[in-house]
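Single-structure report; data block below.
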Amino acid sequence: MARFKYPNYLSQTKHGSFDLTLQPSAFVPAGGIYRCTGCGTEIALEGVGVFPDRGHHKHEPKQGPIGWQLVVATVSSLPAPYLHGAA
Ligand SMILES: [Zn+2]
């Protein structure tokens, strides 16, 4: 589970981007921290390019396939590719 120390740097949102499960090698829609829906592994990505492929890490059969869910979206005042927060 993602951790933080200073809550004043994070704010809650109900944005639908956090409800999606994105597939390996899919386009990354927003920069931020993503968790694997199968095992909980977390990765940080810029909002550019694609997610790691299906070989990124191994799962036990009971964990199912790798899927990526947005946990923390970055917000920036800089132009693309840095502004991809799902605020
Ligand atoms: Zn996983």
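Indexing begins at 1, ligand by ligand and atom by atom, following the structure's order.
- For the Zn ion (ligand 1), the tally of protein N/O/S atoms lying closer than 2.8 Å stands at 4.
- Contact record, Ile66 with Arg54: CD1-O, 3.5 Å, taken as the closest heavy-atom pair.
- Between the Thr74 side chain and the Gly31 main chain, a donor and an acceptor come within less than 3.5 Å of each other.
- His56 has its side chain within reach of Ile43: a pair of non-hydrogen atoms, C-beta onward, lies under 4.5 Å apart.
- Looking at residues two or more places apart in sequence or on another chain, you find a side-chain contact (heavy atoms from CB on, under 4.5 Å) between Ser25 and Asp53.
- Contact annotation: the side chain of Cys36 approaches that of His59 to within less than 4.5 Å [non-hydrogen atoms, C-beta and beyond].
- Taking the six-membered ring where the residue is Trp, Phe51 and Tyr34 present perpendicular rings, their angle passing 60° and hence far from 30°.
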